[in-house]
Number of protein chains: 2
Amino acid sequence: MSGALPPLRRGRRSGGSDSRELILATARRLFAEHGFDGTSLRQVAREAEVDPAMVHHFFKGKDELFAQSIELPADPDEVLAGVEELDPGQRAEAIVRAVLRLWESPAQHGLVAFVRGTIGSKAKTALLREMVARTILSRITAGLPGSPEEAKMRGNLVATQVVGLMLMRYVVRLEPLASASQDEVVRLVAPNVQHYLTGELAHPTDSQ
Amino acid sequence: MSGALPPLRRGRRSGGSDSRELILATARRLFAEHGFDGTSLRQVAREAEVDPAMVHHFFKGKDELFAQSIELPADPDEVLAGVEELDPGQRAEAIVRAVLRLWESPAQHGLVAFVRGTIGSKAKTALLREMVARTILSRITAGLPGSPEEAKMRGNLVATQVVGLMLMRYVVRLEPLASASQDEVVRLVAPNVQHYLTGELAHPTDSQ
DNA sequence: TAACTTATTCATCAGGTGATGAATAAAAGG
DNA sequence: CCTTTTATTCATCACCTGATGAATAAGTTA
């Protein structure tokens with residue numbers, strides 16, 4: 001039990017270090033696991049073995065850290081590239097494939113974080129709604145036959161199916177769905193998505 | 001500017017009061033809007049115009065308050081009553097109707113809170129998974145033809161569609177879906193749910 | 001009326017939170 | 001070499017969190 005502690009390690013560490021990346025990686029993981037509110041800067045710093053003040057040195061604050069952690073998971077332009085040009089009759093499979101590919105890419109952590117953080121608060125949910133409506137649905141429903149109102153509803157229905165699929169497979173991890181192969185998932189759900197896109201939307205019942 | 005402040009109001013208020021219910025109602029609303037972590041006891045107390053300590057007087061702590069706030073939204077037995085006895089070929093409409101009815105009942109606040117609180121954390125998501133698998137899916141897939149594995153997958157697929165629908169309609173509030181009538185929603189999505197229950201699940205493609 | 005129970009508030013605790021500014025050490029640039 | 005920039009840590013701040021125990025007032029019961 002010596003009294004002399006090792007000399008203070010204040011100041012720059014010798015030898016290059018990538019603390020910034022380390023912090024980001026840790027933040028990504030923790031945000032994905034516990035959401036925005038459930039993750040503290042100090043927790044990130046602790047697990048990255050770094051002083052809490054470093055987080056403020058590299059990022060302006062918690063918000064910026066979060067923003068950079070989820071590094072918007074690739075813009076929809078890229079993910080849905082080519083979908084618009086496809087014949088509506090074949091669009092469903094392309095959409096489902098694109099979504100599965102995205103969620104099984106390195107972006108997965110960030111996406112889970114995004115979903116958790118976004119559904120947890122009313123304000124953020126509103127942001128999500130705007131974003132989904134403008135960037136994603138418009139692309140999916142481009143060039144559908146029928147009235148614009150009908151196209152919007154078709155887009156909404158596609159969203160219910162696709163979002164439900166992502167949530168159950170990647171967030172809730174329901175089995176056996178979570179372990180099924182991409183091809184199998186496409187086979188199973190693409191037909192229903194296609195039905196929402198171009199199928200006959202049930203006739204208003206005559207009764208009522 | 002009299003020096004004499006109004007006498008301290010410590011002690012029981014005269015006239016009956018229903019602070020307990022007031023706290024519960026406020027908690028329900030706030031949990032639904034901001035989730036579990038995003039809601040503090042003091043915030044609940046403030047908006048209920050009550051001292052924070054009252055919350056501890058009536059409930060053991062934040063966890064118990066949360067638990068009582070979401071007052072498990074009616075057990076699945078009740079909500080899905082009768083679904084098991086229905087012919088699988090007609091089950092879809094009953095399921096969708098039951099879900100819509102539930103979400104447009106007074107339980108809605110609690111349900112939104114439950115979803116927000118539950119998706120926000122990994123641990124709670126695991127609880128949700130167990131609960132959904134045991135209590136809901138088993139009921140929905142009872143008596144389906146085919147292997148047990150196939151029935152489980154069919155149940156999973158139904159879950160993707162139903163959960164996606166609830167999320168988009170009641171949590172994200174995507175339009176025009178959120179404003180559609182119950183009957184219209186049933187007409188639009190029940191056929192796809194029925195397909196998951198009893199339809200032909202696409203043949204393994206010969207290629208691959 | 002006296003004793004007891006319940007409702008209500010106050011004062012306070014220990015601990016976690018995000019944030020800031022200064023001190024120190026290494027690296028980079030001149 | 002000296003200067004500037006960058007990385008790192010420390011010591012704090014003010015604030016909010018959930019929680020507890022005691023003080024007080026009203027209702028309830030004996």
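Computed from heavy atoms alone, side chains included, the values below leave out hydrogens, waters and symmetry copies. To find a chain, count down the sequence lines: A is the first, B the second, and so on, and within it residues start at 1.
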Take atom NE2 of A/H56 and atom C1' of D/dT12, then tell me their distance rounded to the nearest Å. 14 Å
Starting at CD of B/E49 and ending at P of C/dT9, how long is that distance when rounded to a whole Å? 10 Å
Using a 4.0 Å cut-off on heavy atoms, which residues in residues 17-27 of chain B reach DNA chain D? List them by number, or say none. none
Parallel, tilted or perpendicular: which fits the ring planes of B/Y170 and B/W103, with parallel below 30° and perpendicular above 60°? parallel
What is the distance, rounded to the nearest whole Å, between atom NZ of B/K60 and atom P of D/dT20? 11 Å
Measure from NE2 on A/H57 to P on D/dT5 and round the result to the nearest Å. 13 Å
Side chain of B/R10, base of C/dT8: donor and acceptor closer than 3.5 Å? no
Does a side chain donor of either B/T198 or B/Q194 reach within less than 3.5 Å of an acceptor in the other side chain? yes
A/S14 vs C/dA26: side-chain N/O to OP1/OP2 distance below 4.0 Å: no
Check whether any side-chain nitrogen or oxygen of B/R13 sits under 4.0 Å from OP1 or OP2 of C/dT9, and answer yes or no. yes
For A/D37 and C/dG16, what is the distance between atoms CG and P respectively, to the nearest whole Å? 18 Å
Nucleotide C/dA19, atom P - distance to CD of A/E64 in whole Å: 11 Å
Is A/R42 side chain donor-acceptor paired with the C/dG16 base, going by distance under 3.5 Å alone? no
Classify the side chain of A/R12 versus the base of D/dT6 as yes if they form a donor-acceptor pair under 3.5 Å and no if they do not. yes
For D/dT17, take OP1 and OP2 only and decide whether either is under 4.0 Å from a side-chain N or O of B/S40. yes
Write down the distance between CD (B/Q43) and C1' (D/dG18), rounded to a whole number of angstrom. 14 Å
